[in-house]
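Here is the structure we will look at, set down as structure tokens.
Any value given below was found using the heavy atoms of this structure, including those in side chains, with hydrogens, waters and symmetry copies removed. We name chains A, B, ... by the order of the sequence lines, and we start the count at 1 in each one.
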Amino acid sequence: MQLVLAAKYIGAGISATGLIGAGIGIAIVFAALINGVSRNPSLRDTLFPMAILGFALSEATGLFCLMISFMLMFMGA
Amino acid sequence: MLNLINTFINSPLDQFESQTFFSIFTPFMDMNNFNITTFALYTFIVLFIIISLFMFTNNNNMIMGSKWFITQEMIYDTMVNTIKNQMGGKLWGFYMPFIYTFFMFILVSNLLSMIPYSFALTAQFVFIISLSFMVWLGMTIMGFYKHGLVFFALFVPQGTPLVLVPLLVLIEMMSYIMRSLSLGLRLAANVMAGHLLMIILGGLLMQFMSINILTTILGFIPLLIILCVVMLEFAIAMIQSYVWTVLMASYMKDVQYLH
Amino acid sequence: MIFKRALSTLIPPKVVSVKHLTAAPNAKRINNVVGFYKLLPQGPAPKINNLSGPLGRYKAKYYDGENASGKPLLHLIGAIVVLGYSMEYYFHLRHHKNGEGEH
């Protein structure tokens, strides 16, 4: 029984490393935004909503991984 | 952190618990879904807030609006511009009230959950994922009703060689089916992870600051960091509702116009 | 030297009024405009309120016209904190008195 508990905690910890992808993805999105605005500053109002959408979508895939971590930690049996 | 032993160990998941206030007594059938729980109570609070936003702010139906009415106009203009840009074509006006309703509901309930001692409606996975599944199912049925079997043309992108089409249709169909799950899971996972993070950090900092007076003073620096996390949570609360809206408008465009 | 003054400087400029019927096509239009403005109510706008009862008074105090302030948001936050804390006390904190549950 204790082995299952230990395995749950270890699994939850390991599965949280998927958030590296979320971090890199968000950085890529905002790097593209900075690049685009620096080349053409008048496009700020067009590009900014798209950057927000890209941020949320890439954060979502990272959080799918975090959900697996939560499932392992907090769901019994 | 798990409730294995029967003492009162607080888990950070306690904030998402739904308590029943009034339950309906039906001995023959299981009608427990009609109970009045905290979920129902907070849904009523969200309804009250949205109705009061419409009824109180309109400056007695005068043409010139009050300063409160500017918020309503801002939300309406954002929605119209977003849906018109995403959907375009002739049919965007039909679906604008539908998408606007979702935006208001998710925005108000996300912002309501940021108040201390409140309850996060959008962090309830079953609720949000079933909501997104129903929306997706409704759109698919509407697509089949409108286009018949030509609806499957959605799955073939333009300009693919004929050899690749069977494989591509399978992959596109997989991606289309995943939309039902991912739309709701994105919102629920973001809100739940954010709230969980805030409670865990807050609990740790409170334990740290309650050791002695030195740590209380020293603990104001991590408090500033947690303040930044809270501000990020406010931003995410508003961004998630906007993302839901944009994606719903985009899926509606796919279904109505078949790209 | 006597500077010759033109005709336009001797005659005062035409003021748009009902009495100047020299500009014949404009007269009827000006008549209509003046008649319309005479029918409008004068003075500052009356304070109307299409909601009655205590909610109407709340609306007039915080939302209408001049007194549009953000205080209803603070009221909402206070109400939610009170409601949430009372629920939390009733369901959880009642059983946490006397220091049990602390490790």
Part of B:L196 lying under 4.5 Å from any heavy atom of chain A: side chain
Chain B neighbours within residues 15-24 of chain A, where any heavy atom lies under 4.5 Å away: none
Validation row, ring centre B:F103 to ring centre B:Y242 under 6.0 Å: no
A:L53, part contacting chain B, at a heavy-atom distance under 4.5 Å: both
Under 4.5 Å from any heavy atom of chain A - which part of B:V246: side chain
Heavy atoms of other groups near A:I68 CD1, more than 12 under 6.0 Å: no
Parallel, tilted or perpendicular: ring planes of B:Y100 versus B:Y76, cut at 30 and 60 degrees: perpendicular
Parallel, tilted or perpendicular: rings of B:F105 and B:F127 (30°, 60°): perpendicular
Neighbour count above 12 (heavy atom, 6.0 Å) for A:F48 CZ: no
Side-chain donor-acceptor pair present, B:S113, B:S118, cut-off under 3.5 Å: no
Parallel, tilted or perpendicular: ring planes of B:F39 versus B:F119, cut at 30 and 60 degrees: perpendicular
Largest heavy-atom contact set with chain A, pairs under 4.5 Å, which of B:A235, B:A189, B:A188: B:A189
Polar side chain donor-acceptor pair, B:Q15 to B:Y117, under 3.5 angstrom: no
Region of B:L185 in contact with chain A, defined by heavy-atom distances below 4.5 Å: both
Per-residue contact mode, B:S182 against chain A (heavy atom under 4.5 angstrom): both
Residue pair B:N35, B:T20: steps toward the side-chain hydrogen bond (donor to acceptor under 3.5 Å, both in side chains) verdict: CA-CA 7 Å; B:N35 293 348; B:T20 315; 4.6 Å; no
